[in-house]
Student: 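Here it is, the structure in full.
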Amino acid sequence: MAFDTELLRGGAGFIDGEFVPLAEARIPILDWGFLRSDATYDVVHVWKGSFFRLEDHLDRFEKNMKELQLSSPLDRDQVRETLMKLVAKSGLKDSYVEMICTRGTAPIGSRDPRACENRFYAFAAPFMFIANEDQRARGLRMVVSERPRIAKESVDPTIKNYHWMDLTAALFEAYDQDAETAVLSDGNGNLTEGPGFNVFVIKNGAAATPDSGVLEGITRRTAMDLFELEGIPCVARIVRIDELRDADEIFITSTGGGLMPVSQIDGKPVGIGRPGPITSKLSKLYWSKQEAGWHSTAVDYDAP
Ligand SMILES: Cc1ncc(COP(=O)(O)O)c(C=O)c1O
């Protein structure tokens, strides 16, 4: 069924080759993406009418599909064009744009992933921040989860995936402790990441972020670029959980909100208990540079 363009305003999905209103976007129940989390996805954002680092997100999506032996029915150019159309049709100037490739459905009776017909889905929703306005202003209250991140040897975290049970359980742990988010260790006292974000610690003017056991976030890469531009040392290396408790500043990075401060860890203040000066400076730069056209690809809203 073709939908009137007006119905796509405010959010649109792309299912089975058709553009549909976001609320109408449904997947088949037999898709292994749903039944087995057998899928990979990527999220790129649009800010003030332009995609940010679109080609970097497409690179990661392509690489991840290859690693999972998935092949999208749409090639890279068609994916790019579909994302453009989704945003144009939705009319959203600030948008959270997700592309997904699932294993798809197997012939009835088959349990062979090679027999599945892989599928491509996408949607453009209003932009969402992991941390709300108040949390971004005062910093997030974070806990270190008791539960380690699923072993990287079992589920490769560099492939963006829907194996979120450890991350979601960590969030519930945080809520039980009157906190708002959580980070997970690797089970050996090393920091990994949290539900939907990478983590940076700053001590004595130098920054670090875990070098393994994490998704290589595009916002993480952007934060590292910003550190370099500002001449502030930043390295990817093993980060011990103890370093969180001793940090001057902590921030998280995600396409869902950029660089966002953490002001409390396990109930204790981080530094002075407020967003630190380096975090605030880089966070402002993150948005101002995008608005000035850095790594941006404009959406043509007149050609949906
Ligand atoms: C587990 C995990 N780590 C890190 C990130 C941050 O990645 P990016 O900066 O590419 O959004 C995400 C994003 O959803 C994520 O799910």
Side-chain angles (χ1 to χ4, degrees), residues 33 37 39-47 51-65 67-68 83 94-101 122-125 127-131 136 140 142 144-145 147-152 154-171 174 181-186 190-201 207 209-227 234 236 239 250-262 279 282-283 285-287 289-290 294-295:
S37 300
T40 189
Y41 73 109
D42 218 288
V43 179
V44 56
H45 74 272
V46 168
W47 191 250
F51 279 97
F52 183 60
R53 301 195 89 139
L54 177 58
E55 298 307 318
D56 293 327
H57 285 276
L58 293 175
D59 284 346
R60 185 171 67 182
F61 187 51
E62 278 192 339
K63 177 174 155 285
N64 287 174
M65 283 189 292
E67 284 161 331
L68 294 178
L83 302 182
D94 303 325
S95 179
Y96 179 101
V97 186
E98 183 153 340
M99 63 203 100
I100 306 155
C101 183
F123 63 84
F127 186 82
M128 38 191 135
F129 284 91
I130 284 190
R136 296 199 303 279
L140 285 155
M142 176 184 268
V144 178
S145 169
R147 179 186 304 255
R149 184 88 170 102
I150 192 167
K152 64 179 194 288
S154 300
V155 175
D156 182 350
T158 67
I159 302 176
K160 207 163 156 62
N161 65 70
Y162 289 135
H163 291 260
W164 264 59
M165 287 174 90
D166 53 349
L167 300 173
T168 303
L171 267 182
T181 195
V183 279
L184 290 80
S185 78
D186 64 353
N190 302 315
L191 176 64
T192 65
E193 58 190 341
F197 57 80
N198 293 111
V199 188
F200 284 76
V201 292
T209 191
D211 61 349
S212 89
V214 299
L215 178 75
E216 288 166 5
I218 306 286
T219 325
R220 170 181 179 268
R221 192 189 307 171
T222 307
M224 294 178 94
D225 292 346
L226 292 172
F227 274 118
C234 175
V239 177
I250 300 175
F251 66 83
I252 63 170
T253 60
S254 171
T255 296
L259 284 63
M260 294 161 280
V262 175
T279 304
L282 294 195
S283 173
L285 259 181
Y286 175 82
W287 294 109
K289 284 185 75 64
Q290 281 181 58
W294 193 45
H295 291 302

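Every number for a ligand or one of its atoms is a count from 1 in the order of the listing.
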Student: Considering heavy atoms of the protein only, find what lies nearest to atom 2 (C) of ligand 1 and give residue, atom and distance to 0.1 Å.
Tutor: Glu193 OE1, 3.5 Å

Student: Between Val46 and Val97, is there a side-chain heavy-atom distance shorter than 4.5 Å?
Tutor: yes

Student: Side chain or backbone of Trp164 under 4.0 Å from ligand 1, or both, or neither, by non-hydrogen atoms?
Tutor: side chain

Student: At a 4.0 Å threshold, what atoms of ligand 1 neighbour a non-hydrogen atom of Phe197?
Tutor: 2 (C), 3 (N), 4 (C), 5 (C), 12 (C), 15 (C)

Student: Measuring from non-hydrogen atoms of Glu216 to any atom of ligand 1, is the shortest distance under 4.0 Å?
Tutor: no

Student: Check whether any side-chain heavy atom of Ile100 lies under 4.5 Å from a side-chain heavy atom of Phe123, and answer yes or no.
Tutor: yes

Student: At a 4.0 Å cut-off, with the gap strictly under it, does some heavy atom of Asn198 reach an atom of ligand 1?
Tutor: yes

Student: Do Ser37 and Asn161 make a side-chain contact, defined as non-hydrogen atoms from C-beta onward lying under 4.5 Å apart?
Tutor: no

Student: Report yes if the side chains of Leu191 and Val183 come closer than 4.5 Å at any heavy-atom pair, otherwise no.
Tutor: yes

Student: Specify the protein heavy atom at minimum distance from atom 11 (O) of ligand 1: its residue, its atom name, and the distance to 0.1 Å.
Tutor: Thr255 OG1, 2.6 Å

Student: Do the side chain of Arg60 and the main chain of Glu216 share a donor and acceptor less than 3.5 angstrom apart?
Tutor: yes

Student: What atoms of ligand 1 come closer than 4.0 angstrom to any heavy atom of Arg60?
Tutor: 10 (O)

Student: Output yes when a side-chain donor or acceptor of Ser95 lies under 3.5 Å from a complementary backbone atom of Ala124, and no otherwise.
Tutor: no

Student: Where does the angle between the aromatic ring planes of His45 and Phe127 fall among parallel (under 30°), tilted (30 to 60°) and perpendicular (over 60°)?
Tutor: perpendicular

Student: Can you tell me if Lys160 contacts ligand 1 (heavy atom of the residue under 4.0 Å from the ligand)?
Tutor: yes

Student: Are Lys289 and Asp225 ion-paired here, with the side-chain N under 4.0 Å from a carboxylate O?
Tutor: no

Student: If you have a sec, work out which protein heavy atom is nearest atom 9 (O) of ligand 1 and how many Å separate them, to one decimal?
Tutor: Thr219 OG1, 2.6 Å

Student: What do you reckon, does His57 have a nitrogen or oxygen under 3.5 Å from a nitrogen or oxygen of ligand 1?
Tutor: no

Student: Between the candidates Gly217, Ser254, Gly196, which shows the shortest non-hydrogen contact distance to atom 5 (C) of ligand 1?
Tutor: Gly196

